[in-house]
Amino acid sequence: MSNQMNWINRQIRLGWVFLAGGLVVAVAGILLPRLVGDLSIDERIITGVGILLLGIGTAYLTHYGAARRDSQAARRMIAEEHDERMQILRAQAGNRSYWVSAVMAYAGLMWVSFVENGSLPPLSADALWYFLAAVVVLPFGIYAASLMYDQVHS
Amino acid sequence: MKNRLEELRTQNGLTQQELAERVEVSRQTIISLERGRYNPSIILAFRLARQFGVNVEELFLFSEEEHNHE
């Protein structure tokens, strides 16, 4: 049981790290333009990253903080997250989504190569954005679908 | 792999959730084990056997023909 509480406490410490890091980054995004002057990037991007980290930290603290107060919930949470069958299913799903993203990235590289020698037309900025979005979304979809399918059928 | 998990679990008056908590896995894993869709790691197999006070071979019924990968 103490190993389990150690693991919960480690997740809570990680939550505090995200929270603190997010606060620092968000404040840096607000203060940097005033201290340094013109930045080459929009300072709102830095603040946005900070807010994202704050959100992740808050989620960690809420999720694992509740488990620390309730030992049965903690045991159940640890069993769900360390469950050997789920770890295998996640690894299989990750493997499938990796191959999808690898093939798509390879296709993108090949397209760019052929554009250089004039064999294919160049991608517009919009087309490039949609392609990059697909490289992120499609493997994630494959991961989620694979996990859901295997949960039921294996 | 065929097993006597459901038989021993019900004999001992345990629900799937209770057994899952005792051996530190999810209820879904217990369900998959009982249906023979998932084969446990050796550590989990030993934990389950100890839970019921039996040997692993009495709990999981290994058949050479079933696992022939030719």
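Numbers restart at 1 for each chain; the letters A, B, ... are given by sequence-line order, proteins then strands. Values below: all heavy atoms of this structure, side chains included; hydrogens, waters and symmetry mates excluded.
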- Note on the structure: When the 4.5 angstrom heavy-atom criterion is applied to Gln151(A) and chain B, the contacting part is both
- Note on the structure: If one checks every heavy atom of His153(A) against chain B at 4.5 Å, the contacting part turns out to be backbone
- Around atom CZ of Arg27(B), are there more than 12 heavy atoms of other residues, nucleotides or ligands at under 6.0 Å? no
- Message: Which label fits Trp7(A) and Tyr64(A): parallel for a plane angle under 30°, tilted from 30 to 60°, or perpendicular past 60°?
- Response: perpendicular
- Where on Ile88(A) is there a heavy atom nearer than 4.5 Å to chain B: the side chain, the backbone, both, or neither? side chain
- So which part of Glu24(B) gets closer than 4.5 Å to some heavy atom of chain A, the side chain, the backbone, both or neither? both
- Could Arg37(B) and Asp150(A) be called an ion pair, given the rule that one side-chain N must be under 4.0 Å from one carboxylate O? no
- Message: Taking ring pair (Phe, Tyr, Trp, His ring centres under 6.0 Å) as the cut-off, I'd like each qualifying pair that reaches into residues 99-143 of chain A, sequence neighbours left out, listed once.
- Response: none
